[in-house]
Q: 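Here it is, the structure, as structure tokens.
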Amino acid sequence: MNSYLYISVCGKSINRFLRRCIENDIDIYSIKYISYKEILIKIKYEDYKKILKIKSLYKINIIDYSGFIKIKKIIRKNIILIIMFFVGIIFLTTLTNMIFNINIISNNNDLVKKIKNELKIYDIKKYSFKKKYNEIQKIKEEILNKYKDNIEWIEITDIGTTYEIRIVERKKNQIIKDGKYANIVAKKSGVVRKIYATSGEKNIELNTYVNKGDILIRGSIIKGEDVKQYVKASGKVYAEVWYNVTIEFPLKYSENIYTNESTKSFYIKLNDKYIEKNKYKNYERESILSIKNRLLPFEVGIEKIQKVKIINDIYTYDEALKKAKEKIREKVLQTLDKDEYIMDEKVLNFTKKDSKIVLDMFVSCFEEISKEEEIVIEEQKEQ
């Protein structure tokens with residue numbers, strides 16, 4: 001990158017000065033006439049000494065720099081700020097790649113201590129640097145292999161400057177003395193995404209499609225081809241479950257929404273006409289106490305007045321489609337528990353009619369599909 005100077009030249013007979021520049025092999029990259037005796041020219045930085053030698057009675061002033069020399073001067077002028085900037089970036093990068101807290105989630109304190117000490121062997125501790133994804137996967141696998149009799153599943157999650165370690169403890173199978181044995185079976189069809197088996201033996205693998213009624217965790221402990229013992233299987237299995245949901249949504253939408261505002265009011269009723277003091281424009285009544293006479297069209301009493309917000313909206317087709325999607329989400333979410341959620345959604349069909357739309361949508365959900373099913377053991381009779 002070359003360096004250039006912008007200099008002003010003042011004096012009589014500017015053209016004579018320009019001829020001197022040509023005679024001395026000074027390249028002029030631009031000329032701007034300020035007046036008949038002043039010009040602004042652009043030259044190479046290394047030609048400035050030549051200019052000083054031929055300037056004679058001409059006044060020479062440096063106006064500006066460009067190219068590498070300008071960058072160099074900016075750096076010199078702001079060297080402290082630049083150093084602080086890069087030091088700050090290095091410091092921030094270092095901090096964001098360090099771990100300041102290890103949070104192990106488990107109800108077994110002894111197991112927590114063992115895993116904490118085990119993590120230290122892999123340099124996963126306070127004030128250590130974060131591990132790469134492949135390293136974390138390898139560490140998880142090695143810990144699971146070492147503690148396969150104690151741990152069913154371990155997850156190490158990087159949350160900011162904290163490593164959160166979740167442990168699912170493997171509970172040893174215990175023979176049920178009361179004769180009640182059980183399998184964990186699928187109550188819905190779907191693709192298995194998570195398996196937490198606390199008792200019994202897993203009968204399926206991750207990412208396997210299962211049908212309703214399939215055994216997910218067996219209560220029968222099998223060695224070779226023989227059943228060695230029965231247990232009451234326990235655990236949870238989560239799967240991706242699919243739904244096709246259809247909803248009709250009107251283009252003219254009306255709804256009464258009950259607010260939290262209410263009041264109690266004394267009223268007098270003659271025939272069907274109420275005499276009362278009511279501060280709400282839209283409301284609904286709920287009788288608390290009433291006194292009336294069967295022979296006379298007269299009634300007095302106390303009632304609860306609930307304020308109601310009335311919505312009357314007219315939607316375009318696009319607005320109605322958006323609202324219909326929200327209604328489907330609400331409808332599906334109402335059927336899910338706290339640890340379940342919608343994974344994906346896709347519009348299958350969208351039909352426009354005069355006063356409404358019909359939306360057919362595919363929704364996939366992450367939800368628990370496991371349920372307990374008792375094992376009935378038939379006793380073999382001696383022949």
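Values reported hereafter were calculated over all heavy atoms of this structure, with side chains retained and with hydrogens, waters and symmetry mates removed. A quick note: this is a predicted structure, and the numbers were derived from the prediction, not measured.
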Q: Return yes when atom CD1 of Ile79 has more than 12 non-hydrogen atoms of other residues, nucleotides or ligands closer than 6.0 Å, and no otherwise.
A: yes
Q: Counting neighbours of NZ on Lys42 that are heavy atoms of other residues, nucleotides or ligands and sit closer than 6.0 Å, is the number greater than 12?
A: yes
Q: Using a 6.0 Å cut-off, check whether atom CG of Leu57 has over 12 heavy atoms from anything other than its own residue.
A: no
Q: For Glu118 and Lys146, what are the C-alpha separation, side-chain angles and deciding distance, and is it a salt bridge (Lys or Arg N to Asp or Glu O under 4.0 Å)?
A: CA-CA 10 Å; Glu118 193 69 28; Lys146 186 173 182 178; 3.0 Å; yes
Q: For the pair Lys180 and Glu374, find out whether any cationic side-chain nitrogen is under 4.0 Å from an anionic carboxylate oxygen.
A: no
Q: Given 3.5 Å as the limit, does a donor-acceptor pair link the side chain of Thr259 with the main chain of Lys307, or not?
A: yes
Q: Side chains of Tyr122 and Glu142: is there a donor and an acceptor less than 3.5 Å apart?
A: yes
Q: Rounded to the nearest 0.5 Å, what separation is found between the CG atom of Leu321 and the CD atom of Glu326?
A: 10.0 Å
Q: Side chains of Arg218 and Asn183: do they bring a donor and an acceptor to under 3.5 Å?
A: no
Q: Suppose we screen for ring pair (Phe, Tyr, Trp, His ring centres under 6.0 Å). Which residues come up paired with Tyr6, at least two apart in sequence or across chains?
A: none
Q: Determine whether the side chains of Asp360 and Thr246 contain a donor N or O and an acceptor N or O closer than 3.5 Å.
A: yes
Q: Does Glu135 CD have over 12 foreign heavy atoms under 6.0 Å away?
A: yes
Q: So with a 6.0 Å cut-off around OH of Tyr33, is the heavy-atom count from everything else above 12?
A: yes
Q: Report the residues that fulfil side chain to side chain contact (heavy atoms under 4.5 Å, CB included) with Lys352, sequence neighbours left out, ordered by chain and then residue number.
A: Tyr317, Phe350
Q: With Lys130 as the cation and Tyr163 as the aromatic partner, state whether NZ or CZ is under 6.0 Å from the six-membered ring centre and within 45° of the axis.
A: no
Q: When you compare the side chains of Asp64 and Tyr4, does any donor N or O come within less than 3.5 Å of an acceptor on the partner?
A: no
Q: When the ring planes of Tyr238 and Tyr196 are compared, do they come out parallel, tilted or perpendicular, using 30° and 60° as the limits?
A: perpendicular
Q: Are Ile54 and Leu5 grouped together when hydrophobic residues (ILVMFWY) are joined by side-chain heavy atoms under 4.5 angstrom apart?
A: yes
